[in-house]
Amino acid sequence: MKLKQYLTLSLAAATMASTFQACRPKGAGGALSGNAAERVYVAPGEYDEFYTFTSGGFSGQMTVYGLPSGRLLKQIPVFSVNAENAWGFSEETKPMLQTSHGFVPWDDLHHIESSFTEGMPDGRWMFANSNNTPRLARIDLTTFTTAEILEIPNTGGNHCSPFTTENSEYVIAATRFSVPPDGPESDVPIDSYKQNFTGHISFVSIEKESGEMNIAFQLKTPGLNFDLSSAGKGVSDGWLFISCYNSEQAHTLLEVNASQNDKDFIMAVNWKKAEEYFKAGKGKKQTNVRYAHNKFDHKTHTATSEMKTEVTVLDVADFEDLAYLIPCPKSPHGADVSPTGEFIVGSGKLAALIPVFSFEKLQKAINSADFEGERYGGIPVVNYESVLHGEVQKPGLGPLHTEFDEKGNAYTSFFVSSEVVKWDLKTLEVLDRQPTYYSVGHLMVAGGNAKTPYGKYLVAYNKITKDRFLPTGPELAHSAQLFDISGEKMELLLDFPTLGEPHYAQAIPADLIKDKSVKIYDINANEHPHKTNGEAEARVERNGNIVRVYMTTIRSHLTPDVIEGIQLGDEVYFHVTNLEQDWDMPHGFAIKGNNNSELLVMPGETITLKWVPDRVGIFPFYCTDFCSALHQEMSGYARVSPKGSNVPIKYYTGQQAQ
Amino acid sequence: MTDVKNQQRIKSLHRAILIISGMALFAVIALPIWRIELIAPQYPEGLEMFIYSYKLGGQVEIINGLNHYIGMKVLKADDFIEFTVLPYIIAVYAVFFILTGLLARRKLVYLLLGAFILFGIVAMVDFYSWLYDYGHNLDPTAPIIVPGMAYQPPLIGYKQLLNFLAFSIPDIGGWIFIACGILLTYCSVAEWRIARQKLP
């Protein structure tokens with residue numbers, strides 16, 4: 001054996017080793033098209049094409065982004081307090097977060113849905129649900145503020161919400177956690193789930209002009225977990241489709257125990273029929289409920305909270321023709337209705353196929369009573385095969401949500417296989433798949449839940465971020481990914497970080513909203529009971545230990561800016577009226593040591609900040625929003641004296657005391 | 001005659017190779033022998049499991065967490081009797097290599113080669129049977145059941161298992177093992193040739 005042979009041998013070994021390394025499959029890498037930057041670039045001073053209203057998930061708020069730029073435009077406080085603009089801190093907004101459990105400072109805002117007219121977003125309101133303490137919110141798209149919050153009784157977690165009917169006649173709120181109905185009878189053993197736990201689906205009526213929400217009626221159902229829902233449209237208008245999991249009726253270790261049945265259900269509810277029965281007085285009044293109804297009035301700039309104590313309930317088992325169950329493989333999540341209303345797409349989050357149901361076949365099955373032998377909790381179960389339009393085979397793993405474009409295509413998000421899959425609604429063939437980074441939850445096509453989707457853009461809301469952005473410690477922003485879906489293949493254009501954990505979103509053409517956006521509040525229309533009509537009326541009043549400061553703000557001073565005569569033990573209310581009538585001229589207000597937030601007062605608005613001084617001394621206060629060249633000068637002093645002190649109430653700005 | 005031939009002393013180069021290989025085998029006890037990588041878009045950092053002679057290494061906990069969806073048994077070192085005996089077996093082979101090098105008997109070289117190949121085959125069969133067992137014996141109550149789907153990773157090479165691409169290759173210890181086998185084969189062949197040439 002010569003040296004040459006040794007060398008050959010060792011070379012062979014090395015080659016073999018490196019070949020195995022070379023065999024290593026390449027990780028999935030998304031090809032980015034060359035002009036992606038151009039397609040998401042919105043030049044300075046120009047506007048995005050779409051507003052995207054995005055749920056904040058555990059932030060409890062709603063965020064507004066522009067598309068295609070992905071720029072964050074605003075965070076609208078809804079269910080969580082927001083110290084930045086005193087949401088839940090000002091006296092005017094505290095009632096908005098009142099519930100039957102008292103003041104709740106946080107919630108989990110899951111889904112957002114537009115108000116619709118004839119199946120198209122009308123740009124008037126956005127509806128949002130809170131999952132933890134069950135509530136519904138309505139956001140006014142002229143002011144981008146929360147106008148109304150309604151608590152939902154008899155409900156465990158309001159996840160299956162706020163999906164609306166074709167003309168927003170109703171917004172739906174259905175329980176994710178079945179619970180015994182409210183009232184003293186609800187103290188039952190938890191393992192008596194099957195006997196005592198029930199589901200409730202609330203139909204919240206929307207007043208056509210004002211948008212005011214009221215619970216019209218509730219449908220009582222067997223104990224199921226309602227997950228998501230879509231109202232029928234077009235041919236299926238008048239129906240509602242709700243995905244239900246835990247048909248096993250497990251109450252513990254749901255991960256395993258609620259994943260046993262091969263099929264759970266999509267519940268088809270004939271809501272027009274339910275409305276008919278309700279109007280005919282067939283429902284039962286339940287009077288042991290308590291739920292808050294909170295409304296914000298833009299005339300008084302003040303919210304009121306009213307506790308309601310009655311709801312009408314229809315038990316679906318009492319009626320033959322209210323609800324039907326469609327078997328749907330493995331714990332369905334999304335139940336999405338195609339733009340024409342013909343098809344219902346069920347996404348079993350543990351399934352390896354996507355069943356597509358036909359509304360026409362469902363009607364046929366119902367009319368010919370083509371049901372399975374056994375009812376489920378008194379509700380007829382239709383035969384899977386009888387109502388199936390077809391199954392999308394091998395689409396991916398863990399389908400969650402489906403949205404649609406205007407060309408007859410469906411887009412489904414796959415959490416487990418971390419991808420978005422495009423498929424044909426008619427042929428059920430998979431047309432394209434793109435990886436998402438990482439593990440997409442919801443996806444949203446512009447107008448993807450409307451009668452005529454706008455198409456063009458798809459946003460994947462990913463649950464896992466990892467290495468997509470510069471690292472920021474253990475807690476990372478969630479990542480959204482924008483795809484262009486106008487071509488045959490989906491093209492990834494942009495990643496952008498989001499606030500909270502976006503679940504669903506709604507993209508609306510900017511033109512539907514931007515011209516209606518309020519610039520200022522008319523100060524002459526301000527009906528706040530503690531409004532200050534101009535600086536001349538600025539004053540300090542004492543009534544017992546209540547001290548009210550009627551303060552005005554205008555560039556660049558606060559009136560009054562010298563306040564004396566406050567005593568320890570007083571409750572001081574700063575009623576701050578912003579006298580400005582110019583666009584984008586808010587003033588802020590904060591005072592040292594206040595166990596409270598700041599105020600951000602819009603032009604023409606009055607807001608109240610409560611302050612209970614804790615010590616004697618001089619307390620500076622100032623404008624917190626940089627308003628003008630002399631913003632730094634926009635400040636003042638409040639003097640706090642001991643209780644019973646003989647320092648008189650005294651106030652002024654610019655001149656010595658009156 | 002034959003006996004004399006086989007008991008002839010082997011070349012010093014071969015002795016050196018055998019002794020060095022034996023020492024390298026001692027190192028194998030502490031090194032990862034095999035690795036299984038799982039590749040999926042949502043694991044940009046990769047998921048790896050290392051099989052040592054005495055333990056499992058890498059992100060076993062995370063892999064177990066994923067496997068529970070499909071009902072695969074939990075991977076834990078206690079379930080493998082191999083982990084208690086394998087280090088000793090490797091040590092025995094290492095000693096055998098060194099002894100063969102020191103004693104320099106040609107017959108021992110042949111014996112060692114036979115034993116080593118046998119060990120390699122038994123080890124791979126055993127490994128395969130474990131992979132088969134984990135890939136097929138799934139909990140029927142698992143949340144995700146894909147009809148007809150098994151999750152047996154490949155012995156070597158890669159295979160798509162649902163959303164994961166499973167990639168299985170020897171790791172450093174395995175490569176040393178293979179190298180020892182190749183060198184041992186080389187020594188045996190070379191010695192066999194020398195022996196044949198020396199025949200009258």
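As the structure is a prediction and not an experimental result, all values here were calculated from the model. A note on names: the letters A, B, ... follow the listed sequences, proteins ahead of strands, and every chain is numbered from 1.
- In this structure, B:Tyr88 places its OH atom where only 12 or fewer heavy-atom neighbours from other residues, nucleotides or ligands lie under 6.0 Å away.
- Chain B is approached within less than 4.5 Å, heavy atom to heavy atom, by A:Glu255, A:Val256, A:Ser259, A:Gln260 from residues 251-263 of chain A, ordered by number.
- Remark: A:Leu397 CG to B:Leu162 CG distance equals 4.5 Å, nearest 0.5 Å.
- Between A:Ser417 and B:Pro41, the closest heavy-atom pair is O-CG, 4.3 Å.
- The minimum heavy-atom distance linking B:Gln42 with A:Tyr438 is given by the pair CA-CD2, 3.1 Å.
- At most 12 non-hydrogen atoms from other residues, nucleotides or ligands lie less than 6.0 angstrom from CH2 of B:Trp192.
- When atom types are taken as modelled, the side chain of B:Glu45 and the backbone of A:Asp467 share no donor-acceptor pair closer than 3.5 angstrom.
- The backbone N or O of B:Ile145 sits nowhere less than 3.5 Å from a side-chain atom of A:Lys330 that would complete a donor-acceptor pair.
- In this structure, the portion of A:Thr436 lying under 4.5 Å from any heavy atom of chain B is its backbone and not its side chain.
- Within residues 55-73 of chain B, the residues having any heavy atom less than 4.5 Å from a heavy atom of chain A are, in residue-number order, B:His68.
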